[in-house]
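Small disclaimer: the values here were computed from a predicted structure and weren't measured. By convention here, the first residue in the shown sequence is residue 1. Counting convention: from 1, in listed order, for ligands and their atoms alike.
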Amino acid sequence: MSIALASQLREGTKKAHTMAENTGFVRCFLKGVVEKSSYRKLVADLFFVYSAMEEEIGKLSDQGHPVVAPVSFPVLHRRAALENDLEFYFGDGWSNLIEPTLSAKEYVARIHQIAKDAPELLVAHHYTRYIGDLSGGQILKNIAQKAMNLGEHDGLRFYEFHDIDDEKEFKALYSQTLDSLPIDQNMATRIVEEANMAFKFNMDMFEELEGNLVAAIGKVLFGFITRGRRPGSTED
Ligand code: HEM
């Protein structure tokens with residue numbers, strides 16, 4: 001009997017999805033408050049996370065792992081797109097200029113740990129990030145583009161899935177793939193639990209970045225207030 005993993009994941013992470021959408025960083029983002037220096041930190045964090053996922057899932061896929069290999073669709077890969085975006089935000093020497101936040105380090109460590117101890121759980125991380133990107137990507141791209149005044153593709157490659165013509169069709173294929181993985185209900189439950197952890201890792205990352213965003217907004221406000229109150233100012 002097949003396990004309906006796709007709907008178990010959707011239902012089992014609904015609450016976490018709502019919580020992620022409600023973190024300060026994401027809410028600011030949705031309102032168009034996107035500040036370049038904290039946004040590029042997010043891109044850097046995502047680079048470390050996707051590099052770890054693509055490295056571990058790639059290895060297991062090459063070994064023909066029966067649960068991990070089927071979900072490893074190359075059309076979803078994000079590492080090259082993120083490298084391109086990092087070059088845009090940090091310049092040629094980007095790889096020497098970026099480092100992961102503490103939360104991203106923990107997220108990456110979890111990916112490497114389960115790749116060793118329970119590789120099936122990587123499916124949860126794969127689902128949480130890639131299917132999320134595919135689902136919300138276009139909206140987020142438009143917001144980021146407007147807020148940071150960017151050109152059509154500048155620093156926005158992460159959101160572009162050139163090899164996927166029909167997102168709905170692809171998501172249907174992905175769901176079928178999840179439902180046909182050779183796992184039992186016990187493993188399905190563990191995968192849903194791990195997906196909730198993946199959401200939590202993302203929220204932690206957003207919260208850490210929110211601190212940067214608040215600091216950056218604070219600086220702008222501080223500059224605005226102090227400019228308004230400089231000696232001789234007529235604005236008081
Ligand atoms: C910026 C805030 C977000 C918005 C506006 C957003 C929006 C959406 C939308 C419109 C869908 C499509 C639902 C459907 O096809 O029926 C979706 C699905 C999804 N999102 Fe988000 N999302 C956000 C944040 C996140 C975050 C932070 C994550 C995880 C890191 C995430 C992971 C997912 C996943 C895994 C799905 C697929 C659900 C399923 O059909 O199984 N989303 N999201």
Describe, in one word, how the ring planes of Y174 and F73 are oriented to each other, choosing from parallel (under 30°), tilted (30 to 60°) and perpendicular (over 60°). tilted
Dump the pairs for me: ligand 1 N or O, protein N or O, distance under 3.5 Å, to 0.1 Å.
| from | atom 1 | to | atom 2 | distance (Å) |
| --- | --- | --- | --- | --- |
| ligand 1 | 15 (O) | K171 | NZ | 3.0 |
| ligand 1 | 20 (N) | H17 | NE2 | 2.9 |
| ligand 1 | 22 (N) | H17 | NE2 | 3.0 |
| ligand 1 | 40 (O) | R10 | NE | 3.1 |
| ligand 1 | 41 (O) | Y127 | OH | 2.6 |
| ligand 1 | 42 (N) | H17 | NE2 | 2.9 |
| ligand 1 | 43 (N) | H17 | NE2 | 3.1 |

Establish, for the pair R129 and Y50, whether the NZ or CZ atom is under 6.0 angstrom from the six-membered ring centre and no further than 45 degrees off its axis. no
Can a donor-acceptor pair be found, under 3.5 Å and without considering hydrogens, that links the side chain of H126 to the backbone of V71? yes
Quick check on D92: does its CG atom have over 12 non-hydrogen neighbours (other residues, nucleotides or ligands) under 6.0 Å away? no
Residue pair R79, E83: steps toward the salt bridge (Lys or Arg N to Asp or Glu O under 4.0 Å) verdict: CA-CA 6 Å; R79 188 187 155 127; E83 285 178 357; 3.0 Å; yes
Taking the six-membered ring of F161 as reference, does the cationic atom of R78 (NZ for Lys, CZ for Arg) lie under 6.0 Å from its centre and within 45° of its axis? yes
